[in-house]
Amino acid sequence: MERYILIDHTADLMVKAFGSTVEECFANAGFALFDQTVDLANVGTSEEVRFEVEGMDDEDMLYSFLSELLFMLDCDEMIFKELKVGFDGNKVVCDGRGEKLDRSKHRTRSEIKAVTYHMMEVDRTAPSVTVVFDV
């Protein structure tokens, strides 16, 4: 089963992520964020980080989750190859495994500047999430 697909979108990067649960869809959307930023083939999993974010509804939780991942990439230069997501009410709890960005080892692809609410959708019935990244 595919983790995610790219959807044609003018100027930005639109992703639809799949999974057997909405939590897995969130994790696969996070994977897509990193996979579009860096070739994950040479990324290790030696560092583990746990974090929580909150949201008012499913879309807000997805936005907060992906924005926190992007913040960790931009500020801490952390790249996550493995993400495990769980929900606790309106909180997203994530365990991420990866490593620091090393430009001599990791091949960069594109720069994602922001997560947007534009066309964002969380489908709990046929688990999937759709998100547009500003590139």
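Here the structure is a predicted model, which is why all the values come from computation and not from measurement. Atom set for the values below is all heavy atoms of this structure, side chains included, hydrogens, waters and symmetry mates excluded.
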Atom pair [atom1] ([X]) and [atom2] ([Y]), whose distance is rounded to the nearest 0.5 Å:
| X | Y | atom1 | atom2 | answer |
| --- | --- | --- | --- | --- |
| Glu52 | Asp88 | CD | CG | 7.0 Å |
| Arg3 | Ile5 | CZ | CD1 | 15.0 Å |
| Leu33 | Phe133 | CG | CZ | 4.5 Å |
| Phe34 | Leu40 | CZ | CG | 8.5 Å |
| Ile7 | Asp12 | CD1 | CG | 13.0 Å |
| Lys84 | Glu24 | NZ | CD | 11.5 Å |

Is any side-chain heavy atom of [X] less than 4.5 Å from a side-chain heavy atom of [Y]?
| X | Y | answer |
| --- | --- | --- |
| Asn42 | Arg107 | no |
| Cys94 | Val85 | yes |
| Val49 | Phe80 | yes |
| Arg109 | Val38 | no |
| Met61 | Val122 | no |

Find out if a path of hydrophobic residues (ILVMFWY) with successive side-chain heavy-atom gaps under 4.5 Å connects [X] to [Y].
| X | Y | answer |
| --- | --- | --- |
| Phe31 | Met78 | yes |
| Val135 | Leu70 | yes |
| Val129 | Phe18 | no |
| Leu13 | Leu73 | yes |
| Val115 | Ile112 | yes |

message: If you apply the rule side-chain contact (heavy atoms from CB on, under 4.5 Å), what do you find for Leu69 with Leu83, and how did you get there?
response: CA-CA 10 Å; Leu69 291 176; Leu83 297 163; 4.1 Å; yes
CA sep, side-chain torsions, deciding dist, call: Thr108, Thr37, side-chain contact (heavy atoms from CB on, under 4.5 Å)
CA-CA 6 Å; Thr108 57; Thr37 304; 6.0 Å; no
### Message
Evaluate Tyr117 against Tyr63 for ring pair (Phe, Tyr, Trp, His ring centres under 6.0 Å), listing each step before the verdict.
### Response
CA-CA 7 Å; Tyr117 279 105; Tyr63 178 87; 4.2 Å; yes
For the pair Val43 and Glu99, evaluate side-chain contact (heavy atoms from CB on, under 4.5 Å) and give the outcome as yes or no after the intermediate values.
CA-CA 7 Å; Val43 174; Glu99 65 184 7; 4.0 Å; yes
Kindly give the heavy-atom pair with the smallest separation between [X] and [Y], and that separation in Å.
| X | Y | answer |
| --- | --- | --- |
| Ser20 | Pro127 | O-CG, 3.7 Å |
| Ala17 | Cys25 | CB-O, 3.5 Å |
| Leu62 | Ala29 | CD1-CB, 4.5 Å |

So with a 6.0 Å cut-off around NZ of Lys105, is the heavy-atom count from everything else above 12? yes
Next item on the list: Ignoring hydrogens and angles, tell me if any N or O in the side chain of Thr45 forms a donor-acceptor pair with the backbone of Arg97 under 3.5 Å.
Entry: no
Only residue of Met119, His118, Met120, Met14 satisfying side chain to side chain contact (heavy atoms under 4.5 Å, CB included) with Val131 is Met120
>> Angle between ring planes, Phe26 versus Phe87, binned at 30° and 60°: parallel, tilted or perpendicular?
In response: perpendicular
SB check Glu121 Lys16 (cutoff 4.0 Å): no
Is Asp76 salt-bridged to Lys100, cutoff N-O under 4.0 Å? no
Residues pairing under side chain to side chain donor-acceptor pair (under 3.5 Å) where one sits in residues 124-135, two or more places apart or in two chains, turn out to be Asp58-Arg124
For Glu68, the side chain to side chain contact (heavy atoms under 4.5 Å, CB included) test, sequence neighbours excluded, returns Phe51, Val53, Phe71, Met72
